[in-house]
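Notes follow once the structure below has been shown.
Atoms within a ligand are numbered from 1 in the order they appear, just like the ligands themselves.
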Amino acid sequence: MSNIESMDPEAIAKWVQEKTKLRPVFGIVLGSGLGGLADEVEVVDRISYSDIPFFPVSTVAGHKGEFIFGKIDDIPVVLMNGRVHFYEGYPMNQVVLPVRVMAFMGVKSIFLTNASGGLNRSYRPGTLMCINDHISSFIPSPLIGPNDERFGPRFPAMNAVYDREYIGIMHGVAEDLGIDLEDGVYLQVTGPAFESPAESRAYAMLGADAVGMSTVCEAIVLNAMGIRLLGLSCVTDMAIDNEDIVATHEEVQEVANQASRKLIDIVKNTVIRICKA
Ligand code: HPA
């Protein structure tokens, strides 16, 4: 058994790999209300975050915390069922620790999912949006601090964070399944407060189509590590024109649960099409 002395993702990945024989090629991060995918993989092993040394554990109701190792149509995958958020008080380098651990497990591709508030006025609660770019300007960079070359270069490019070939495949899958899929820009804020109407208008003017409290920090560190990424957001409520609307965490989870069938179908079939191509 490895002895882990620090919060090092490579050492933690080795520790986790001693607990399972499965060697995943694809990682999938499940956002709020989207954990249903866990019921559709052939589960081989489950490892609770609370059992992993130095791992951050979610403090939010409805957010689980475990790695699920399993197979989708014989493809070895690892699911991150639950993530921690910056608003919980963890520093950024701890928020992104779990996805870095996945990268050190040897996955080459990661699918990030989340729930978000709609800023594009053509969206509705339940809209699914393929994340084709992001805005990170309202959160601290997860790359601040001394650079560790194992995590990528000091000044990584962010011109194509979400893999263009994969995006094309995901759109093909959605079309074949008859599921509407938008393409848009996701902006991460720290939360935990939902946006004021003026904030939502400001983010929309900056070019964002959806706003949420996760994902971009993960995408930045994973892109810096050379992982091929996909992002899929479930718009659970409209953040724009919300003067008379009270946003709630319960509503976010309920709409995510309702839309999760479609989201799960897109994620599953996209992973299959990418890996069996
Ligand atoms: N704002 C921020 N994050 C969110 C929202 C929202 O309206 N909905 C789900 N996550």
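Crowding of D180 atom CG: a count of heavy atoms from other residues, nucleotides or ligands under 6.0 Å not exceeding 12.
What you find for N114 and S233 is that their closest heavy atoms are OD1-OG, 2.5 Å.
Within 4.0 Å of ligand 1, heavy atoms belong to protein residues A115, S116, G117, F194, E195, V211, G212, M213, T236, D237, A239, V252.
A 4.5 Å side-chain heavy-atom check between S136 and I220 finds at least one atom pair inside the cut-off.
Residue pairs satisfying the salt bridge (Lys or Arg N to Asp or Glu O under 4.0 Å) criterion with at least one member in residues 192-206, sequence neighbours excluded, are listed as follows: R201-E243. Counting only residues at least two apart or in different chains, salt bridge (Lys or Arg N to Asp or Glu O under 4.0 Å) contacts with residues 113-123 comprise R121-D241. Every pair tested for salt bridge (Lys or Arg N to Asp or Glu O under 4.0 Å) that includes a residue from residues 90-115 fails, sequence neighbours excluded, so the list is empty.
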